[in-house]
Amino acid sequence: MARPPERAAGDLVRLKKNHACGANDWLVLRMGMDVCLQCRGCGRELRLKRHEFEKMVKNSSTPK
């Protein structure tokens with residue numbers, strides 16, 4: 001079975017659902033048992049359990 005791509009702090013990810021502000025791009029601040037994300041639209045921080053994060057992520061890229 002293929003493993004999901006490894007993500008690290010500083011990566012940009014796009015989640016399947018939009019945030020309340022309308023943005024769906026997030027910056028990964030911390031990866032571990034939980035994942036800390038920052039919304040690229042409004043700057044709000046969000047903490048998710050890693051398995052919830054893996055289900056919600058659509059794709060990822062490196063920051064520009």
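The basis for the numbers below is simple: all heavy atoms, side chains too, and nothing from hydrogens, waters or symmetry mates. Note that the coordinates shown come from a computational prediction; the quantities given were computed from them, not determined experimentally. Sequential numbering from 1 along the given sequence is applied to the chain's residues.
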Test log, rule side chain to side chain contact (heavy atoms under 4.5 Å, CB included), inputs V28 and L37: CA-CA 5 Å; V28 177; L37 304 171; 3.8 Å; yes
Would you find a donor on one side and an acceptor on the other, under 3.5 Å apart, between the side chain of R30 and the backbone of A9? no
Where is the tightest heavy-atom contact between E45 and C36, given as atom of each residue plus distance? OE1-SG, 4.1 Å
In Å and rounded to the nearest 0.5 Å, what is the CZ to CD distance from R44 to Q38? 11.5 Å
Quick one: does R7's side chain get under 4.5 Å of E54's, heavy atoms only? yes
Gap separating the CG atom of L15 from the CG atom of N24, nearest 0.5 angstrom: 7.5 Å
According to salt bridge (Lys or Arg N to Asp or Glu O under 4.0 Å), does anything in residues 20-29 pair up with another residue at least two apart or in another chain? List the pairs. R14-D25
Set out, in order, the CA-CA distance, both residues' side-chain angles and the distance that settles side chain to side chain contact (heavy atoms under 4.5 Å, CB included) for R50 and M31, then state yes or no. CA-CA 8 Å; R50 189 167 189 148; M31 288 291 290; 3.3 Å; yes
Is K17 reaching over with its side chain to a backbone N or O of M56, donor-acceptor style, under 3.5 angstrom? no
Ignoring hydrogens, what is the shortest heavy-atom contact between C39 and C42? Give both atom names and the distance. SG-N, 3.6 Å
R47 and E52 ion-paired at < 4.0 Å: no
